[in-house]
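Keep in mind that what you see is a predicted model, and the values were worked out from it rather than measured.
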Amino acid sequence: MTASSPAPTIQLRSLEPRSITDEHRQDGPVARTEDGTWVVLGHPEAVAVAQDHDSFSSAVSRFLQVPNGMDGEEHAAVRAATDPYFSPEEMRKLEPVLREIAQGLVDEVFADAPAAGIEVDAVAELGAVLAVRGQTAWLGWPRELEPELLQWMVDNHEASRSGELARTAEVAERFDALIRSVVAPRRQAGEDAPDDVTTRLLYQRIALPDPEVPGSTDRALRDEEIVSILRNWTGGDLGSIALCIGVLVTSVAQMPQLAERLRVGSFHEATAIVDELLRIDDPFVSNRRVATCPVTVAGHRIEAGERVQIHWTSANRDQRVFADPDAFDPESHAAGNIVYGTGKHVCPGRPLATLELVVAMQEILTAAEVRPADAPGEREIAPVGGWAHAPVRLVPRA
């Protein structure tokens with residue numbers, strides 16, 4: 001491809017992300033949508049864009065997005081303050097809680113199940129419920145919010161699929177109102193507020209000067225920043241975790257030889273298996289950037305102000321890095337796996353997501369054998385990936 005060659009046009013919305021990008025990568029690592037957005041499909045190109053923090057800004061939304069929509073010192077300061085919430089020590093404390101949640105859900109599923117097992121939707125009946133219960137337990141939110149959060153996930157999914165800004169704005173406002181309903185009582189309770197992640201966040205300080213305090217070197221998070229962080233930690237992850245569990249459970253049904261390795265293997269081995277299955281079928285489809293200056297990617301000149309989409313699902317299947325994208329090879333593919341992104345904006349919640357997914361799979365497989373269902377599944381379409389409906393049969397283990 002020469003520098004003067006126009007980028008091929010790609011249609012992403014309402015199509016299955018893997019198949020459409022597998023096809024378009026044959027025409028080159030960069031494409032363009034009809035509305036002019038550049039789409040980075042290739043792995044080396046995706047890494048280059050994600051790690052070029054000067055040429056590509058993450059401040060792309062008209063809504064406040066903390067910290068993923070920030071750049072430079074502001075982004076670094078918020079990440080330094082909030083990344084410790086995902087520290088190894090915090091995850092060790094959370095692990096037994098997540099195991100109890102997963103065990104409880106499996107018990108519910110099997111409560112009236114016949115010996116031959118029961119057919120369930122791995123996304124809606126396993127993934128979504130585990131995501132809500134896990135996230136609310138970690139944050140210290142009331143269990144009574146579960147029905148509202150589950151319904152919000154459905155509504156948010158439908159709004160995202162529609163592409164209608166009014167619908168996405170409405171569900172976003174509903175979620176912000178829910179967050180404020182959790183935060184407000186903690187503010188009022190003061191020292192009597194429960195000691196949990198949400199309360200700690202209310203008093204978190206960041207290493208940025210307070211414009212109202214001359215000479216200050218740090219300040220408290222503003223209320224709108226706290227709401228944005230909690231939205232990022234929950235609203236952005238609930239659907240993703242549900243989709244990931246759908247991918248993982250379906251993959252094990254198709255590759256039963258992995259079940260024992262996940263069930264009794266080390267946490268390290270289970271993590272490697274989970275990461276590789278998500279590389280093959282990545283529900284974290286893309287992230288947005290905007291060019292801050294003229295820059296060339298794969299021979300194409302991108303002008304300042306133009307929109308760019310890093311397509312992680314496509315990059316994780318680039319044949320230049322993964323000769324056979326569908327081949328399961330955790331050891332060989334680990335170095336190139338960018339399911340959680342790369343660079344300064346790499347997903348801060350990766351430790352939590354990994355813990356949730358590994359624990360969920362271990363507990364499901366301890367209690368049940370996972371087999372293909374009689375009914376076929378239904379694939380998701382952009383802007384999300386994975387399975388929309390992932391029927392599997394769970395058979396109680398002897």
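- In this structure, Q26 places its CD atom where more than 12 heavy-atom neighbours from other residues, nucleotides or ligands lie under 6.0 Å away.
- In this structure a side-chain-to-backbone donor-acceptor pair under 3.5 Å is present from H43 to G336.
- Using cut-offs of 30° and 60° for the angle between ring planes, the F322 and H333 rings count as perpendicular.
- Residue E260 qualifies as enclosed at atom CD: its count of foreign heavy atoms under 6.0 Å is above 12.
- L12 has its side chain within reach of Q309: a pair of non-hydrogen atoms, C-beta onward, lies under 4.5 Å apart.
- When all heavy atoms are compared, the tightest approach of A46 to I338 is CB-CD1, 4.4 Å.
- Scanning both residues, E95 and V359, for their nearest heavy atoms gives CG-CG2, 4.1 Å.
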> Passes side-chain contact (heavy atoms from CB on, under 4.5 Å), T168 versus L165? Steps please.
Replying inline: CA-CA 5 Å; T168 56; L165 290 179; 4.3 Å; yes
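- Listed for the R18 side chain is a donor-acceptor partner under 3.5 Å among the backbone atoms of I280.
- Residues V40 and F56 form no side-chain contact, since every pair of their non-hydrogen atoms from C-beta on lies 4.5 Å or further apart.
- Two different hydrophobic clusters hold I310 and V384 under the rule that ILVMFWY side chains link at heavy-atom gaps under 4.5 Å.
- Cluster annotation: V129 and V97 are assigned to the same hydrophobic cluster (Ile/Leu/Val/Met/Phe/Trp/Tyr, side-chain heavy-atom contacts under 4.5 Å, transitive).
- Relative ring orientation between W141 and F175 is described as tilted, the plane-to-plane angle lying within the 30° to 60° band.
- For the pair L126/V109, a side-chain contact is recorded, criterion being any heavy-atom separation below 4.5 Å from C-beta on.
- A donor and an acceptor atom, one from each side chain of N316 and D282, are located under 3.5 Å apart.
- Here the rule is side-chain contact (heavy atoms from CB on, under 4.5 Å) with P283, and of L278, I245, T313 only L278 fits it.
- Judged purely by distance below 3.5 Å, without hydrogens or angles, the side chains of S19 and D22 never pair a donor atom with an acceptor atom.
- The environment of CD in E73 is sparse: at most 12 heavy-atom neighbours from other residues, nucleotides or ligands sit within 6.0 Å.
- R133 pairs in a salt bridge (charged side-chain N to carboxylate O under 4.0 Å, His left out) with only one of the listed residues (E356, E108, E100), which is E108.
- At a threshold of 4.0 Å, the pair R167-E170 does not count as salt-bridged, since none of the basic side-chain nitrogens sits closer than that to a carboxylate oxygen.
- Hydrophobic clustering (side-chain heavy atoms under 4.5 Å, transitive across Ile, Leu, Val, Met, Phe, Trp, Tyr) groups L150 together with L98.
- The shortest non-hydrogen separation linking L352 to L94 is CD1-CD2, 3.4 Å.
- Relative to the ring axis of W387, R379 places its NZ or CZ within 45° and under 6.0 Å from the centre.
- Counting heavy atoms from C-beta on, the side chains of L149 and Q135 never come closer than 4.5 Å.
- Under the salt bridge (charged side-chain N to carboxylate O under 4.0 Å, His left out) criterion, R187 pairs with D223, sequence neighbours left out.
- Side-chain contact between P325 and Q319: present, with at least one pair of heavy atoms (C-beta onward) separated by less than 4.5 Å.
- At a threshold of 4.5 Å between non-hydrogen side-chain atoms, the residues P44 and D318 count as touching.
- Taking a cutoff of 4.0 Å between a charged side-chain nitrogen and a carboxylate oxygen, R320 and E45 qualify as a salt bridge.
- More than 12 heavy atoms of other residues, nucleotides or ligands shown are found within 6.0 angstrom of CD on Q257.
- Around atom CG of D112, no more than 12 heavy atoms belonging to other residues, nucleotides or ligands sit under 6.0 Å away.
- Of all heavy-atom pairs between A81 and I206, the closest is CB-CG2, 3.6 Å.
- In this structure, T33 and T9 approach most closely via the heavy-atom pair C-CG2, 4.4 Å.
- Between E276 and R279 a salt bridge is recorded (basic side-chain N to carboxylate O distance below 4.0 Å).
- Taking 4.5 Å as the limit, some side-chain heavy atom of E225 sits within range of a side-chain heavy atom of L64.
- M91 and L139 end up in the same hydrophobic cluster when Ile, Leu, Val, Met, Phe, Trp and Tyr side chains are linked at under 4.5 Å.
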> Checking side-chain contact (heavy atoms from CB on, under 4.5 Å) for the pair L394/V120: CA distance, chi angles, key distance, verdict?
Replying inline: CA-CA 7 Å; L394 299 183; V120 300; 3.9 Å; yes
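- The closest side-chain heavy-atom distance from R79 to M70 is not below 4.5 Å.
- Other residues, nucleotides and ligands place no more than 12 heavy atoms under 6.0 Å from the CG atom of D195.
- W312 and I241 fall into different hydrophobic clusters, where Ile, Leu, Val, Met, Phe, Trp and Tyr side chains are chained together by heavy-atom contacts under 4.5 Å.
- A salt bridge between R143 and E146 is present, with a side-chain N of the basic residue lying under 4.0 Å from a carboxylate O of the acidic one.
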